[in-house]
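What follows is one structure encoded as structure tokens, with my remarks underneath.
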There are 2 protein chains.
Amino acid sequence: MQQEDDVLLTSERMAGSVNTNPVVIRRLLGQLKKAGLVEVRPASGGTFLTRQPAAISLLDVYRAVEVVEEGQLFSVHDKPLPACLVGRNIQAALDTTLRRAQTAMEQVLAGVTLQQVTTEILTQENLKN
Amino acid sequence: MQQEDDVLLTSERMAGSVNTNPVVIRRLLGQLKKAGLVEVRPASGGTFLTRQPAAISLLDVYRAVEVVEEGQLFSVHDKPLPACLVGRNIQAALDTTLRRAQTAMEQVLAGVTLQQVTTEILTQENLKN
DNA sequence: CCTTAGTGTAACTATTGTGGTTACAGTCGT
DNA sequence: ACGACTGTAACCACAATAGTTACACTAAGG
């Protein structure tokens, strides 16, 4: 899991690398940590994956950062009129298909690991020669 | 396509029905019209589908209202550092999988028509007895 | 042909979400 | 105990969007 030989990976370094603020990184890191994907050392810094890159899927990080809440990729009008036939039923009517749509998307993410992404990055780099 | 026997469907009626402002409805209607899904009569009002409900899929309306731009369900960091191996390749590396994820989701939407939704709404209503 | 009920759209406000920033307390190797 | 780093609250700036008002444009029907 470690990479002690490498340079220390602090939030400040990451922030500089993607051109943003360290706090933004820490916020994200906090979510990844809560999801059990990374381990963060409070004092002398450093962030590490808790599993092998091959054991982490894109769905894992997608879920971790919760771009959208569980089953809420689509959100339907929240204040339906109970007096309206459509209003009081459209939610339930759409629910299953929207759920299916979301899980279809998520299953694709589930099929790709961080390992694959990194090798893909290297492949892309080599293509440029 | 018509429903002349029914009451006239103006933006004001629709707005009242979903508890919002007529202009909001007209904006949406404008998008649906541009996508060729509905026909709107400017003067004496009224909105009509241009095709049978069975010939309109959820993907059609999803695309029409363009919740997200074509192929942009996921958007990656837009200002990558060209000096960074990851920064300059991650976009391309993720592109195909993210695209696949999005189309997987969209294909589910493509498989459901407005017709099916309306019958589902009626089914839901009947279940309540 | 002119009245009238609707649409199309611009302009503005209010609200919300989010990124960035500062500040500071908490933590732990050394 | 010191120093470097994380965790988090608080705040500002900014972009998106819903809602609203206003008004020009359109056509159906007398």
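A, B, ... follow the sequence lines: proteins, then strands. Residue 1 opens every chain.
Once rounded to the nearest 0.5 Å, the distance linking CZ of B:F74 with CG of A:L58 reads 9.0 Å.
Following rounding to the nearest Å, A:L8 (CG) and D:dC5 (C1') show an atom-to-atom distance of 9 Å. Look at CG on A:N21: it is 12 Å from P on D:dT6, rounded to the nearest Å. Spacing between atom CD of B:E12 and atom P of D:dG19 amounts to 15 Å, rounded to whole angstrom units.
In this structure, the side chains of A:Q124 and B:R88 stay at 4.5 Å or more apart for every pair of heavy atoms. Taking the side chain as every heavy atom from C-beta outward, A:E106 and A:R63 approach each other to under 4.5 Å. A 4.5 Å side-chain heavy-atom check between A:R41 and A:E39 finds at least one atom pair inside the cut-off.
Across the interface with DNA chain C, nearest-nucleotide mapping of B:S44 and A:S44 shows B:S44 to be the residue nearer the 5′ end. Nucleotides of DNA chain C nearest to A:T20 and B:G46 differ in position, and the one nearer the 5' end is that of B:G46.
Surrounding CD of A:Q31 are more than 12 heavy atoms belonging to other residues, nucleotides or ligands, all under 6.0 Å away.
Close approach of DNA chain C to chain B, defined as any atom under 4.0 Å from a non-hydrogen atom of the protein, starts and stops at C:dA5 to C:dA11.
For the contact set between residues 22-37 of chain A and DNA chain D, defined by any heavy atom under 4.0 Å, the members are A:V23, A:R26, A:R27, A:K33.
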side-chain contact (heavy atoms from CB on, under 4.5 Å) assessment of B:T47 paired with B:T10: CA-CA 7 Å; B:T47 305; B:T10 72; over 6 Å; no
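A donor-acceptor contact closer than 3.5 angstrom links the side chains of B:S57 and B:D60.
In terms of heavy-atom proximity, B:T50 sits nearest to B:V38 at CG2-C, 3.5 Å.
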